[in-house]
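The chains referred to below are lettered A, B, ... by the order of the sequence lines, with proteins before strands, and numbering in each begins at 1.
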There are 2 protein chains.
Amino acid sequence: MNTSHRHTRQRQIVLEELQKVTSHPTAARLYEVVRHRLPKISLGTVYRNLELLHRLGVIAKLQMAGEEARYDGNPRRHDHIRCVQCGRVDDMAYPQLLDLPVGQVDHSTGYRILGYRLEFHGLCALCRQKRESEASSPVPFHTDHAVPFNQPRE
Amino acid sequence: MNTSHRHTRQRQIVLEELQKVTSHPTAARLYEVVRHRLPKISLGTVYRNLELLHRLGVIAKLQMAGEEARYDGNPRRHDHIRCVQCGRVDDMAYPQLLDLPVGQVDHSTGYRILGYRLEFHGLCALCRQKRESEASSPVPFHTDHAVPFNQPRE
DNA sequence: TCATTATTAGTAACTATTACTGTTATTTGA
DNA sequence: TCAAATAACAGTAATAGTTACTAATAATGA
């Protein structure tokens, strides 16, 4: 069984268009963009190639909490911040976590640690301004792990 | 319009059963457990109450990357580790992130930062042993943001 | 060039979750 | 205490993101 991957026009263009942008598009959004160059491409093909490129480590797949998956042409380790209002995702600089025994077995949990995901959430500049001009309206839903929220259990 | 919440047997038992366990069950799993006490409860009721209790800050909703949502009877801020093989989720102790201007506007991104989510991934003790006994087989899929993975872009 | 087969387009199926609808039962206050 | 008001319910249908299926197409190595 040959496990090599063929070089197709569809795969090439999906990768090219993803690498052009910094907006962390969803599969559906990237599909729209790619269709300008390949009108007959199917959404399934976009999904399949994104998944393959992700498995190969060429791109990154961002499955943020409970949201539609987004893709990132930059596979290097970096973190993201997501707007809780509009879903926009941007890169966020944060130093790597310290004292993480990656590859080692963590003795408190028994897990062999492979890595981590760190995602910030907040209000993007646009949604922040919109909210401020509309006066007082609280955060629309409970954003898990908001730092000020720290009440004791029972 | 009265926005108070009624105290129903269904809501009470969903909360009780969630608070009994430390296994971070999915809605479907909790539904199975709750049915032992309320055979006629519907899955929608479990979902609705979990969502309400989450909004009220009584429980935590863990929407780990791309996975089925899990619920945690402990709403205090803490982090989790997920097994990339079997999906199991455990608590993981890690100190709070430093130098995070929560509530402030981050000048590099323009976001008002509200909080963050930190999730580790790895192999739980069981899956680790299973894998070791089956000899060499690599991690089945690309676990995003694995720390050793750090190649330059393009 | 040709045979092999990975990949495609198009579509159907799947799954977690939410919405809808008529019924039930908690709440409230007369 | 009792009954009106309505939040919440059970049961079911709908939604949305994603994956699986199938016959046709095209990339690849001989």
Passes salt bridge (charged side-chain N to carboxylate O under 4.0 Å, His left out), A:Arg48 versus A:Glu51? Steps please. CA-CA 5 Å; A:Arg48 205 179 332 101; A:Glu51 188 58 33; over 6 Å; no

So, B:His80 versus B:Asp90: side-chain donor-acceptor pair below 3.5 Å or not? no

Reckon B:Ala28 touches a base, only the sugar-phosphate, or nothing at all at heavy-atom distances under 4.0 Å? nothing

From CZ of A:Arg55 over to C1' of D:dT19, roughly how many Å is that when rounded to an integer? 13 Å

Let me know the distance between CZ of A:Arg35 and C1' of C:dA9, rounded to the nearest Å. 12 Å

What one-letter contact string describes nucleotides 8-13 of chain D from 5' to 3', where B marks a base within less than 4.0 Å of any protein heavy atom, S marks contact via sugar-phosphate atoms alone, and - marks no contact? SSBB--

Between C:dT7 (P) and A:Ile13 (CD1): distance, integer Å: 16 Å

Atom OH of A:Tyr71 to atom P of D:dG17: distance rounded to whole Å? 12 Å

Could you check whether A:His5 and A:His7, counting side-chain N and O atoms only, form a donor-acceptor pair closer than 3.5 Å? no

Atom-to-atom span, CD of A:Glu67 to C1' of D:dT18 - whole angstrom: 15 Å

How long is the line joining CD of A:Glu51 and P of D:dG17, in whole Å? 17 Å

B:Gln63 CD - D:dA16 C1' separation (whole Å): 15 Å

Pair B:Arg70 + B:Asp72, salt bridge at N-O below 4.0 Å: no

Single-linkage hydrophobic cluster, 4.5 Å side-chain cutoff, A:Ile113 and B:Leu126 together: no

Check whether any side-chain nitrogen or oxygen of A:Tyr47 sits under 4.0 Å from OP1 or OP2 of D:dT19, and answer yes or no. no

Is the shortest heavy-atom distance from the side chain of A:Thr45 to the side chain of A:Tyr31 under 4.5 Å? no

Starting at CZ of A:Arg29 and ending at P of D:dT18, how long is that distance when rounded to a whole Å? 16 Å

